[in-house]
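What follows is one structure encoded as C-alpha cells, with my remarks underneath.
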Number of protein chains: 2
Amino acid sequence: MSDDTQGEQDTSGSRVTLESVAKRAAVSRQTVSNVLNAPHRVRPMTLQRVHSAIAELGYRPLLAARQLRTQRSRIIGLRLEPVRDGINGAVLDRFLHALTEEAQRGGYRTMLFTAHSDEDEIARYSELLATTSVDAFVLTSTHGGDPRTSWLTRQGVPFVSFGRPWSDTGRLSDTGHSWVDVDNAQGTRAATEYLLSQGHRRIAFLGWPAGSGVGDERREGWRRALSKATAWSASTLVALSAETTDSVEHGAEAAAGLLAAKYRPTAIVCASDSLAIGALSAVAAEPVAVVGFDDTPVAAALGLSSVAQPVERAASDCFELLLGHLGATSAISANRLLKPELVVRRTSPAAAG
Amino acid sequence: MSDDTQGEQDTSGSRVTLESVAKRAAVSRQTVSNVLNAPHRVRPMTLQRVHSAIAELGYRPLLAARQLRTQRSRIIGLRLEPVRDGINGAVLDRFLHALTEEAQRGGYRTMLFTAHSDEDEIARYSELLATTSVDAFVLTSTHGGDPRTSWLTRQGVPFVSFGRPWSDTGRLSDTGHSWVDVDNAQGTRAATEYLLSQGHRRIAFLGWPAGSGVGDERREGWRRALSKATAWSASTLVALSAETTDSVEHGAEAAAGLLAAKYRPTAIVCASDSLAIGALSAVAAEPVAVVGFDDTPVAAALGLSSVAQPVERAASDCFELLLGHLGATSAISANRLLKPELVVRRTSPAAAG
DNA sequence: CAGCTCGATTTTATCGATAAAATCGATCGC
DNA sequence: GCGATCGATTTTATCGATAAAATCGAGCTG
C-alpha cells in the first residue's frame, strides 16, 4: 500500500481540514491558519509542531473555502485568441506558457476563456468578476481604441496588457494602465543596422498598412536607421517601402513589386515572419537578404533571420506588475519596454557587390 | 451613470447574493437556489418571479461558495506543454482553443498548469485535486508506458486523453480509459491513395524511428495502401522508407537520401509537416510530390499538401466524454476514433511521366 | 371527514477557511 | 506590587451557497 507520491494521505476517506490538523497539533484551528498565512504571529515551537502535523496528514487548504472567505481566487484570467495565421500565434503560445509557469511559481493559476470580439471579452470579464472566478487579467493584442482597457480601469480591476495602449489613430496613448511591451522600432532598427554593417545600402521595408501601431513602429525603426546612415531622400524611402496585409501570399506579391521597382533593394526588412516567408519565395535564388520579425518556429525551420521578442521575460514582467496591483489597494501603473534581439540566420548574407 | 454592459448592478457596493434575490422575490434563499439548480421543483409562477428578481439585480452565483458546498469546481485542468518545435505545437494550440470554447459553452472552465515531466505532472494533479481546484483532466501527448493515465485511473479521477494509450513497445494497449484520437493510418493511407490516383507509383515514406506509436501508425497506413495497390516487395517497401527525428533539417537530409537511392521516389509521404518542409527543400525544383501531416499553418503558408486532423471535433468529443464521466458515478470508458482529411495543395502534383 | 399523499416551500445544518475580537499569562514600568 | 502592555492563542462570527429534513396546505381516498 505504499504510494508513489509522497504525502499520499487520506486512506481514511475523509478530507484533511484545518480542524484535523489543529487536533493533531493540539492547537486551535485559527493557529493552524496563522501558521500558513501569518507565521510571525506564532511561537517557533508551535510553528514547528503544526508544520509537522501538516506534513504528516498531508494537509492542503481547500481553495474554495479560502476564496469564499477572502474574496480572492488567486487566479489570473486570460483570453485565448483564435489562432489567426498560426505563424504569429506561436508568440502568444510561448507567452501563455511562460505566464502560466511564472504564475504557478508565484502561487497563482491561469484560467482561460474565449471571446469573439472585444465586447464579448468584456462580457466575459464581467462574468468572471461577478463570480469571483479571477482576481486579475492579462490582456494581449492591444489595439487602437481598445475598449477593454478603459472598461477594466473604470471597474478598478487589476490588469496588465502585453502590448502598449494605442490611440484610434495608431499613435501611442497614455491611458495610465500597466503594460509590458517590446520595443518594435528598436527591433527593426537593429535588423536594418545589421544589414548596413553587412554592406547593404538599398534596404527595403515590407510591412502592414499604416495605422496599426505595432506595424507603424516597425516601419519607423527601419526608416530612422536608414535615414541616419544613408543619403536616401524621404521620397526614395517611401519608394523602398511596401505595404500589404499580413500573409505569405501578399508578402510574396509585395516583395516581387519591390524587386521590380526602380530602386531594386538588396535586402528586405519585414514586419512579420509571414511576410518574410513570402518575400523569400519572391526572392528565390537571387542574393537578396530577408529579415523577418517574431522569430517564430517557422523562421528557425527555414533558416530565416528574424527579430526575436523576449517573450518569457515579457511574461514574467507582466506577472510581476500584476502582483504589484494585487498587493496594493492603490493603482500605481508601471511599464516595461523590452529590447528585442536580432537572430541572424542564412537569409541575411552580406551584400553581393 | 448608464453603463455599457447590461445588468451592470451593484451601485450600492454590496454583493448581490441569494439572500438579496430571495428578499426581492419574497421567497426563501433555498427557493432561489432551486430555481437555478432544480427548476422542476418550483411552481411556474414562483419561477418567473424569481427569474425576474435575478435579472433585475443582476445576480450571479459566487462560484467559490457553490464549490465549497458541492465539492465541485466545474473546472477542467490541462497541462500546457512546452512549445517543442512550435510547428506541430500549433495543433495543440488549436485543440486548446476549441476545448476552452466547448467547455465554456457547457458551463465549464479550463485551467492551465505546466510540468517538466510526467512525474511532475502527476504531482500537479495531486495538488489540484487536493485543493479541489479541478474536477477533471484532459491529457495530451499520450505515449508508451504513460504513468499519468494509470495514476488517474487508480485515483478514480475523471479524465479523457487526446491520443490513444500506447504500450511501452509502441503498440496500442487497452488501459480502459476514455480517449479521443485521430486515425493516423487512415491519414497516410488517404495521402498515399491520392498520390496513386495521380499516377505516382514509387511513393516513399519519411517518418520517425519505430516505437513511437503515432509514428508507426502513420507508416503503416502508407505501407498498406502501397502494398495493396502495387507490386512492390516487402524489401522494396523498406527501401522506400526513411526514419529520422522530427525536424526540418533531419527531414531534408533523409529526403535527400531517399532521392539518391536505388528506387528514386516520385512522391514522399511524411509523418509531419516539419519533415515535409525539410523534404521540400531537398526536392527543390524537381517534380517530386510531398505530403505532410497535421496541416499546420506553415503548411498552408508554403502550399504544402498535408493531412489535417479534425482538431475542433476532437476537442468537443473530449469534452463530451468528460461530461459523461462527470455526470455518472460509475466509470464507463468510451472512445472516439476520428478520420483525418487530406488537404491538397501545390506540393502534390500528378506524376511527371 | 380523518388520514394520507404529494408538491411547494422553508428551516436547519454544513461545506472549510479567515477576520476580528476576546482571552490569558507573562513581563514591565514606576 | 498593581495596572498597563504585549505576545500568543483561542473564541466567535462570517463568507454564500446547497443538501437534507421539516413544514404546510391542498387534494385525494375510503
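By convention in this document, chain letters (A, B, ...) are assigned in the order of the sequence lines, proteins followed by strands, and residues within each chain are numbered from 1.
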ask   = By a strict heavy-atom criterion of less than 4.0 Å, which residues belonging to residues 70-77 of chain B are in contact with DNA chain D?
value = T70(B)
request  = Could you identify which residues of residues 38-49 of chain B place a heavy atom less than 4.0 Å from some atom of DNA chain D, listed by residue number, or say none?
outcome  =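 Listed by number, there are none.
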query = Got a sec, which residues hit side chain to side chain donor-acceptor pair (under 3.5 Å) with S33(A), two or more places apart in sequence or on another chain?
reply = N37(A)
remark   = Quick note, side chain to side chain donor-acceptor pair (under 3.5 Å) partners involving residues 44-53 of chain B, not counting sequence neighbours, are none
inquiry  = Once side chain to side chain donor-acceptor pair (under 3.5 Å) is applied, what residue pairs with a partner in residues 19-30 of chain A remain, sequence neighbours excluded?
reply    =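 The answer is E19(A)-R29(A), R24(A)-E56(A), S28(A)-T31(A), Q30(A)-N34(A).
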request  = Test M111(B) against I76(B) for side-chain contact (heavy atoms from CB on, under 4.5 Å), laying out the working first.
outcome  = CA-CA 6 Å; M111(B) 172 170 283; I76(B) 296 169; over 6 Å; no
message = How close do P61(A) and T131(B) get, counting heavy atoms only, and between which atoms?
response =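 That would be O-CG2, 3.3 Å.
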task = Heavy atoms only: give me the nearest R336(A)-L321(A) pair and the separation to one decimal.
result = NH2-CD2, 3.9 Å
ask   = Should the ring pair F137(B) and F113(B) be called parallel, tilted or perpendicular, given that the plane angle runs from 0 to 90° and is split at 30 and 60?
value = perpendicular
ask   = Relative to each other, are the rings of F159(B) and H177(B) parallel, tilted or perpendicular (30° and 60° limits)?
value =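 Rings of F159(B) and H177(B): tilted, as their planes differ by 30° to 60°.
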key: Partners passing side-chain contact (heavy atoms from CB on, under 4.5 Å) against P147(B) (at least two apart in sequence or in another chain)   =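 Listed in chain order: D118(B), E119(B), I122(B), H143(B).
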inquiry  = Under 4.0 Å, heavy atoms only, any strand: does L62(A) hit a base, just the sugar-phosphate, or nothing?
reply    = sugar-phosphate
Holding to salt bridge (Lys or Arg N to Asp or Glu O under 4.0 Å), I want the full list of residues that pass it with [X], two or more places apart in sequence or in another chain.
X	answer
R109(B)	E127(A)
R41(B)	none
E121(A)	R79(A), R148(A)

task = Could you tell me whether the side chain of Q104(A) and the main chain of T114(B) form a donor-acceptor pair under 3.5 Å?
result =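 Pair found, side chain donor or acceptor close to backbone of T114(B).
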message = Using only atom types and a distance under 3.5 Å, with no angle test, would you say the side chain of D135(A) pairs donor to acceptor with the backbone of S73(A)?
response =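 It does hold such a pair.
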ask   = On DNA chain D, which is the earliest and which the latest nucleotide, 5' to 3', with an atom closer than 4.0 Å to a heavy atom of chain A?
value = dA8(D) to dG16(D)
ask   = Taking five pairs at each end, how big is the angle between the two axes of the helix from dC1(C)-dG30(D) to dC30(C)-dG1(D), to 10°?
value =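 The two end axes of the helix from dC1(C)-dG30(D) to dC30(C)-dG1(D) meet at 50°.
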inquiry  = Counting only heavy atoms and a strict 4.0 angstrom limit, can you tell me which residues of residues 27-37 of chain B come near DNA chain C?
reply    =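 Of all residues in residues 27-37 of chain B, the ones placing a heavy atom under 4.0 Å from DNA chain C are V27(B), S28(B), R29(B), Q30(B), T31(B).
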ask   = V35(B) pairs by side chain to side chain contact (heavy atoms under 4.5 Å, CB included) with which of V42(B), L18(B), V27(B)?
value =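 For V35(B), the side chain to side chain contact (heavy atoms under 4.5 Å, CB included) test succeeds with only one of V42(B), L18(B), V27(B), which is V42(B).
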